[in-house]
There are 2 protein chains.
Amino acid sequence: MEARAQLFQDAMGFSGISGLEIKKLAAMATMQRFSKGQMVFEQDQPCDYFHLVASGLVKVYICSASGYRMTYLLARRGEPLNLVGPFTGDPRFLCAEAMQATEVAHIPRHDFVRFVAANPILFSNIMAILSKAVDSANSRLIDMVEKRVEERLLRVLLTLLDKFGSEIRLTSAELAELAGTTVETTLRTMARLRSLGIIESERGQIKIIRPASLKNPERLPLWV
Amino acid sequence: MEARAQLFQDAMGFSGISGLEIKKLAAMATMQRFSKGQMVFEQDQPCDYFHLVASGLVKVYICSASGYRMTYLLARRGEPLNLVGPFTGDPRFLCAEAMQATEVAHIPRHDFVRFVAANPILFSNIMAILSKAVDSANSRLIDMVEKRVEERLLRVLLTLLDKFGSEIRLTSAELAELAGTTVETTLRTMARLRSLGIIESERGQIKIIRPASLKNPERLPLWV
DNA sequence: TAGCCTCTATGACCACGGTCATACAAAAGT
DNA sequence: ACTTTTGTATGACCGTGGTCATAGAGGCTA
């Protein structure tokens, strides 16, 4: 219970809430463990809970009819999986899958919405996060049209560098889903980056050797 | 003043607000006229106002460094141009441009945010709209990866058909910015659709002859 | 130790669509 | 009535990157 309160205290978007209110929030939450590969929620399901990652790593992705996936968010401790969903309750086409052993806090959506209404500062916090999410989606949309795969991958790597540091524990398939390309093209491009001395890689792990070469001033990190 | 109140009464996202509150909102608004091609707001400007279209048509688009444009929203009477911006005030990279003679209502952002806080139902309304916007952006992202230009254009045409009817007064350049492709490819694709008897077109105008052929069950309209 | 699955790696192929070029008709401006 | 601009139309070219195929190495389970 104390740990749960600490989780919400640290959580993205919950700053500015009093300790008392945080305790109320913690009291509404239930915790659940997921092992690698397990789904936290699936697409086309109604949204009944607000989800917040307590530990581990969860990827949120959209899944097309033909099975194509596009990763949209990599959430770790303190990051919410679905900020919009609880307000409408409607099914969306997002899925969330644990990438490691993970613990997630669930809050029934009506409790969450009532809590937000009672703490209007959350409105602005949520809006600030959403504005980043919308901008990021639009920015990726532009990238898909005018940037080649290498540039998109570099942007993904820069983003991951900022978020996780220079040791990135993702496979090429996972990178491909972030950059919007195929595994083969990702592998080819990574080979080129390796030959340029920008990265080193081994099975399931990428190490960024020259972070400076990613930090092109006109290349902004995504919001992932 | 009466007309302004009527505008907010009809506006998307403002349902469920009492007549008295609507009048307050109308009192905060100022109206401004724009002629074709004029900018309502530009990218990288701080957001000081909430904007609502009163008449005419405004396109909201993102503009990349290399000048590439991607149209994101076609807003007509009753549709807001920037739901997120007023909450943060931060500059984004969206631009809004009048496509015809247009009238837009402006509300100072702080007034708007206070009004929303005082009428919490607006928050759910806004969230419902934002969820569509985010979903639409993500859905277009997937389309960019896995759908060819013709399919993307058909989806754009279906969307426009639903929103504006079978007579669409847009140029090929404007369609290209909606579908995420070039003018040339749009023209070539339109030629093919014309030869299939799906559309007719003349300068600045497209007429959908066989709406049924667009309504593929697995092709959903975008949110534009 | 064998068997299986995942991840990495790379070659061959080729089509979609972007780029550049030219041409012409219709508006719009002077 | 003239020029300029905007929108439509099409041809030619070719590069990026998707698809399919094969192969091997690392890791997990029995």
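Computed from a prediction, not measured in an experiment: that's the story for all the values here. The chains referred to below are lettered A, B, ... by the order of the sequence lines, with proteins before strands, and numbering in each begins at 1. Worth knowing before you read on, the calculation uses all heavy atoms, side chains too, and leaves out hydrogens, waters and symmetry mates.
- For the pair B:E151 CD and C:dC16 C1', the interatomic distance rounds to 15 Å; values are reported in whole Å.
- Rounded to whole Å, atom P of C:dA26 lies 16 Å from atom CZ of B:R169.
- One atom, CZ of A:R148, and another, P of C:dG17, lie 17 Å apart when rounded to the nearest Å.
- Using a 4.0 Å heavy-atom distance criterion, A:T181 is classed as a sugar-phosphate-only contact.
- C:dT8 atom P lies 14 Å from atom CG of A:L193, rounded to whole Å.
- The distance from atom CD of B:E184 to atom C1' of C:dC16 is 15 Å, rounded to the nearest whole Å.
- Position along DNA chain D of the nearest nucleotide to A:R188 versus B:L187 favours B:L187 as the more 5'-ward residue.
- Between the P atom of C:dG17 and the CD atom of A:E146 lies a distance of 18 Å, rounded to the nearest Å.
- Summarising the geometry of A:R155 relative to A:D143, their closest heavy-atom pair is NH1-OD2, 2.6 Å, with the distance given to 0.1 Å.
- If you find the closest nucleotide of DNA chain C to A:V145 and to A:V183, the one lying nearer the 5' end belongs to A:V183.
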Nucleotide pairing, DNA chain D (Watson-Crick or G-U, distances under 3.5 Å), in dot-bracket with [ ] and |: |.||||||||||||||||||||||||||||
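- The aromatic rings of A:F87 and A:F112 lie perpendicular to each other, with more than 60° between the two planes, well past the 30° mark.
- Rounding to whole angstrom units, CZ of residue A:R192 and P of C:dA9 are separated by 14 Å.
- Backbone-only engagement by A:R194 is indicated by non-hydrogen atom pairs under 4.0 Å involving sugar-phosphate atoms exclusively.
- By the 6.0 Å contact criterion, CZ on A:R169 is open, its count of non-hydrogen atoms from other residues, nucleotides or ligands being 12 or less.
- Every residue two or more places apart in sequence or in another chain that forms a ring-ring contact (aromatic ring centres under 6.0 Å, His included) with B:Y49 is listed here: B:H106.
- Within a 6.0 Å sphere centred on NZ of B:K207, heavy atoms belonging to other residues, nucleotides or ligands number 12 at most.
- Note that NZ of B:K147 is 9.0 Å distant from CZ of B:R219, once rounded to the nearest 0.5 Å.
- A cation-pi contact links A:R69 to A:Y61, judged by a cut-off of 6.0 Å to the six-membered ring centre and 45° from its axis.
- The footprint of chain A on DNA chain D, defined by a heavy-atom cutoff below 4.0 Å, extends from D:dT16 to D:dG27.
- Summarising the geometry, the separation between CG on B:L153 and C1' on C:dC16 is reported as 14 Å, rounded to the nearest angstrom.
- Atoms CZ and CG, from B:R92 and A:D135 in turn, are 4.0 Å apart once rounded to the nearest 0.5 Å.
- Taking a 6.0 Å sphere around NZ of B:K36, one finds it holds 12 or fewer heavy atoms contributed by other residues, nucleotides or ligands.
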